[in-house]
Amino acid sequence: MADTLAAIYPMGSMEALPEVELEAQATALRMLKNEIVGHDQRKERQVCDGVVDMLVGVLSLHQRTTGSRKSDANGPTPVTWSWTQKDEVRLQATFVICTLANGGAAFVPPLLAAGMPQVLMDSLAQTTAPRLRTATLQALWNIVSAWSALQVDPGEAASTVCVDILTKQGIDVLSGILRSTLSDGAHIQQLQLRLIADINQERRGLSVFESITQGGDVDHVNALCSWLLLLARSMQGHSRLVALRLLALVNNAVDADSFDVGHRSEYMQKNRERKKQIALLGVPLAAKLVQMASEGRSSGSDRSADHDDMLVKEQACNVLALLVRDFDELQVAAVDAGAIKHVCPILKKSFDPVPPAKPMWSARRTAGNADSTSSPPTRRPGSQGLPPETLHAMRCRQGALQALAALAEKEDVHRKAIVEAGVVPCIFDSLKPFPPDYSTDDKRRGQVVGPKDGNTTAVLLAACRAAKTMARSVSLLRTSLIDAGIAKPIFQLLHHADPEVQLAATDACINLLLEFSPMREDLIAEGVVKTLCSQAKRCGLGGANGDLRLRVSSLWALKHLMSASPREIKVKTLEELGSGWLIGIIRGEQQQAREYVSAPGGGVSVGLSAPNAAGERVDLLNPQSSGMDVDVDEADPLAEEDDEQQYGNDEECANDEEGDGEVMFDISSSTHYQASQLRSTLNKHHHPPTSPTATQVPAFNSRRYLSSVRAIEQTPALRAQQAEVAVQEQALDFIRNLLNGEDCASMFDHLLQLIGAGRIFDVLTEKLVPVGIDPATGSGGATSSTRPIYGPSALIISTVNILTHIANALPRHKQLLIAQKPLLKAWLPHFIHPDRKVRVACVWAVNSLTWIDDESDRRDARQRAQELRACGIEGAVRRLLGDEDLDVRERARTGVRQFEQL
């Protein structure tokens with residue numbers, strides 16, 4: 001065997017090999033491929049003998065000797081190509097890699113240890129013939145497919161290996177292939193689309209399609225989606241599924257910020273047209289594929305058709321979920337097309353027992369059982385993974401659960417239809433993990449692994465999401481879900497070894513701990529309070545992204561638990577968290593939020609607040625508030641990779657506007673300006689100077705402005721700020737719900753005893769004081785301006801809600817609040833806040849402060865009204881009588897009436 005490998009990979013450079021020897025090398029590689037096709041034991045023996053290192057050497061040498069062929073990956077493949085023996089050697093080596101990766105999960109560790117994915121991506125970066133590029137894409141697809149099988153192996157430490165294909169270089173290469181497929185044949189186009197779509201099953205893979213959709217206009221995106229719909233309707237089976245997956249990925253990757261400023265209505269109209277087109281033409285196709293998978297219909301009788309049908313069964317539900325997730329109208333279209341009645345049988349069938357295939361007989365120990373400690377990683381095959389039959393069942397189960405979770409996101413009628421289909425027990429069974437001591441190697445000792453022995457990590461994540469969306473229904477919480485006993489397995493998953501599973505289970509607990517959930521008592525009895533508090537406290541801001549998300553979800557669940565709970569539960573939870581720790585995370589890093597302040601003059605950097613390109617006002621530090629009653633699904637802003645998409649030529653922009661400062665946005669006047677004293681970007685067109693000595697005013701550069709906004713959005717510092725805001729919001733809401741209810745007064749007295757009045761009101765003042773103002777002195781860079789620079793709206797709303805609850809306590813608590821002059825001064829600017837929710841919350845708090853509990857409180861109420869009048873809050877409430885929002889006006893009318901009665 002060593003002689004064979006030496007013949008394939010001689011010492012020295014391939015540049016020195018004559019054509020005759022290169023032809024012999026290609027022949028040897030072709031014979032090696034034919035020898036190992038369909039024989040896993042021969043593949044293992046070849047890996048142990050060093051074939052992976054040999055293949056890396058062949059491909060690497062070829063890339064070094066053909067460096068002159070490297071060109072822009074985004075350019076089209078040349079029509080004419082001179083096929084050489086070196087290309088033939090490289091092609092045959094790639095075929096061998098395809099065959100090895102097709103052997104399954106056991107061959108992933110040595111391929112990854114040798115850096116094979118990166119070698120293949122470097123190969124794609126070369127300007128190669130379509131035939132060679134097709135083989136390279138097929139090899140990459142086989143590796144990704146085998147790696148996904150390794151990830152679901154409960155007996156393998158999957159986290160130790162990864163396929164790092166979606167680097168910036170990989171995204172550029174794959175994007176270039178998508179742009180240049182029109183120059184290739186139909187078969188090559190389909191294979192390239194198939195690979196890229198399957199790689200982008202991972203969430204982070206959306207970057208490939210974001211890099212295509214960004215920088216274009218809405219017409220371009222709609223045209224691309226229309227072409228994909230036409231392509232899908234012209235195909236059948238798995239090819240149609242691939243086209244629909246690409247359609248879903250492109251539709252989900254559309255970024256509103258990539259379109260021109262000032263065309264919001266036009267963009268929204270065309271966006272609705274695209275979604276309507278997908279609902280009418282795309283969703284029914286996806287539902288039809290799910291129906292074919294459910295009914296077991298075949299697209300042919302040959303072996304390739306069987307493989308195609310298996311892929312459709314595994315992926316059809318997943319594609320449907322990807323297509324309709326987060327879109328109400330698409331979910332309705334899917335249900336109207338019969339999606340629920342076709343998805344549910346697939347989930348049920350995934351639990352049917354399947355006969356395992358007979359293993360190939362061997363008279364000796366396999367290579368995989370040889371001594372692995374002395375061999376290098378590239379010569380050491382890994383675990384065989386789950387049996388193919390069980391793996392197929394797990395993938396079908398995962399896809400069905402994802403589809404049900406997507407269909408049950410919004411409409412309660414969809415959830416009831418899922419319950420009527422009788423799959424709630426299946427969701428319960430899908431929450432059962434494999435035993436901790438389970439290993440797939442046990443099957444070598446005769447143990448058979450079946451679909452009912454447990455569930456892979458991917459299935460657990462999908463089941464938790466399905467349970468979370470189903471738990472949004474009040475009626476189901478009180479009937480079907482409690483009957484299925486879904487609380488206990490969810491609680492057990494809080495202790496799972498995988499942090500992603502812990503996060504998914506915690507997200508499910510958010511809905512299970514609501515006030516009207518009958519499973520709240522069961523979870524409390526299981527010890528959910530201690531578990532959630534431990535999760536929240538052990539996840540530091542400086543840790544991993546998953547840990548930070550786990551802290552937010554844990555506090556969110558505890559916030560729901562505090563609503564309408566007995567006083568004993570509230571006191572116990574507060575003790576578990578620790579009052580000092582809670583105040584510490586609420587205070588956070590106050591100075592970081594103030595670093596975004598611009599120079600004096602009332603402006604604010606686009607890093608803090610700006611309108612997006614669709615014309616909507618957005619605040620980059622203010623995530624949308626979701627309320628306390630239901631959970632929302634948010635894309636993790638910290639998990640996506642940076643995208644360095646450029647809008648135009650930055651060097652030219654710099655030359656055109658040399659000397660201009662940072663693009664700024666003024667909240668009060670809703671205008672853009674630059675920090676330069678000599679130039680302005682308020683005008684849309686160049687205007688001739690009024691005098692020979694005047695400075696000509698340049699036009700506003702929208703592309704440069706959008707580029708600066710996008711760059712700021714993706715900076716790690718801003719993402720860390722957004723993450724800290726999310727943590728602080730949930731912690732403030734925890735205190736708000738702690739004070740909610742009939743025991744409001746006693747709980748506030750408890751807080752005063754634990755923390756102290758001075759510290760509590762200092763923290764609340766810090767949250768209300770405008771950015772750039774020193775909370776201690778009330779002075780800062782913006783004191784000379786009437787334009788306040790607001791902090792994150794979510795924190796302001798949560799803080800004002802706490803004031804409302806304090807004002808709803810006893811009269812002495814109201815008097816204590818009204819005596820906090822710095823807090824009242826910091827509160828006043830928010831009565832003219834651009835967010836209507838902030839203005840409504842402010843008026844509610846005033847109404848609670850001026851409310852007369854009884855006749856004995858009238859004198860104190862009159863004094864409180866005088867204090868509010870003196871600090872300007874009464875005048876602020878009166879000015880809100882003419883507010884544009886009806887809710888604000890009605891609350892202000894009530895407040896003015898109460899002032900007049902005093």
Side-chain angles (χ1 to χ4, degrees), residues 148-149 151-154 290 293-294 313-318 320-322 325 339-340 342-354 386-387 389-409 414-415 417-436 438 449-473 476-477 480-498 500-509 511-512 519 633:
S148 65
Q151 294 301 101
V152 302
D153 184 357
V290 174
S294 177
K313 290 179 181 179
E314 293 179 353
Q315 301 176 12
C317 291
N318 179 275
L320 178 66
L322 187 64
R325 185 178 300 157
I340 291 179
H342 298 313
V343 171
C344 292
I346 295 178
L347 179 58
K348 294 178 180 179
K349 291 177 183 178
S350 69
F351 289 92
D352 293 342
V354 290
L386 291 173
E389 303 82 10
T390 304
L391 182 61
H392 173 70
M394 292 296 170
R395 287 173 171 169
C396 293
R397 187 179 306 171
Q398 175 193 353
L401 289 168
Q402 289 175 336
L404 293 179
L407 294 172
E409 270 186 346
H414 297 171
R415 304 184 189 111
I418 293 173
V419 172
E420 292 172 357
V423 295
V424 173
C426 296
I427 297 177
F428 174 86
D429 293 334
S430 300
L431 293 168
K432 173 188 174 183
F434 283 102
Y438 174 80
V449 183
K452 292 187 176 182
D453 292 336
N455 295 279
T456 62
T457 298
V459 173
L460 295 177
L461 294 174
C464 286
R465 179 173 175 81
K468 180 179 70 172
T469 57
M470 294 292 290
R472 290 173 180 166
S473 171
L476 295 183
L477 276 175
S480 302
L481 296 183
I482 191 173
D483 292 341
I486 209 167
K488 186 173 182 179
I490 290 290
F491 175 77
Q492 292 174 345
L493 291 180
L494 292 176
H495 304 278
H496 196 275
D498 193 313
E500 291 297 324
V501 176
Q502 293 181 25
L503 177 62
T506 305
D507 289 341
C509 284
N511 289 344
L512 298 180
M519 284 171 278
D633 299 323

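All heavy atoms count here, side chains included; hydrogens, waters and symmetry mates do not.
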Side chain to side chain contact (heavy atoms under 4.5 Å, CB included) partners for [X], two or more places apart:
X: Glu314; result: Met310, Leu311, His392, Arg395, Cys396
X: Lys452; result: Phe351
X: Pro345; result: Ser294
X: Ala471; result: Leu477, Leu481, Asn511, Leu512

Criterion side chain to side chain contact (heavy atoms under 4.5 Å, CB included) on Leu404 and Met470, from CA distance to verdict: CA-CA 9 Å; Leu404 293 179; Met470 294 292 290; over 6 Å; no
Quick one: side-chain hydrogen bond (donor to acceptor under 3.5 Å, both in side chains) partners of [X], sequence neighbours excluded?
X: His496; result: none
X: Ser480; result: none
X: Ser430; result: none
X: Ser350; result: Arg397

Any donor-acceptor N/O pair, Asn455 side chain to Asp429 backbone, under 3.5 Å: yes
Under 3.5 Å donor-acceptor, Arg415 side chain and Thr469 backbone: yes
Which atom of [X] lies closest to which atom of [Y], heavy atoms considered:
X: Ala466; Y: Leu401; value: CB-O, 4.0 Å
X: Ala408; Y: Ile418; value: CB-CD1, 3.9 Å
X: Pro435; Y: Asp453; value: CD-O, 3.9 Å
X: Lys348; Y: Ala421; value: NZ-O, 2.7 Å
X: Pro489; Y: Phe428; value: CG-CE1, 3.5 Å
X: Leu407; Y: Ala339; value: CD1-CB, 4.0 Å

I need the [X] [atom1] to [Y] [atom2] distance, nearest 0.5 Å.
X: Lys468; Y: Asp507; atom1: NZ; atom2: CG; value: 4.5 Å
X: Cys464; Y: Ile490; atom1: SG; atom2: CD1; value: 4.5 Å
X: Leu320; Y: Gln315; atom1: CG; atom2: CD; value: 13.5 Å
X: Gln402; Y: Asn318; atom1: CD; atom2: CG; value: 4.5 Å

Residue pair Arg472 / Glu409, side-chain heavy-atom distance below 4.5 Å: yes
Any side-chain heavy-atom pair of Thr457 and Glu500 under 4.5 Å: no
Residue of the set Val501, Leu493, Asp498, Thr456 for which side chain to side chain contact (heavy atoms under 4.5 Å, CB included) holds with Pro433: Leu493
Set of ring-ring contact (aromatic ring centres under 6.0 Å, His included) partners for Phe491, sequence neighbours left out: His495
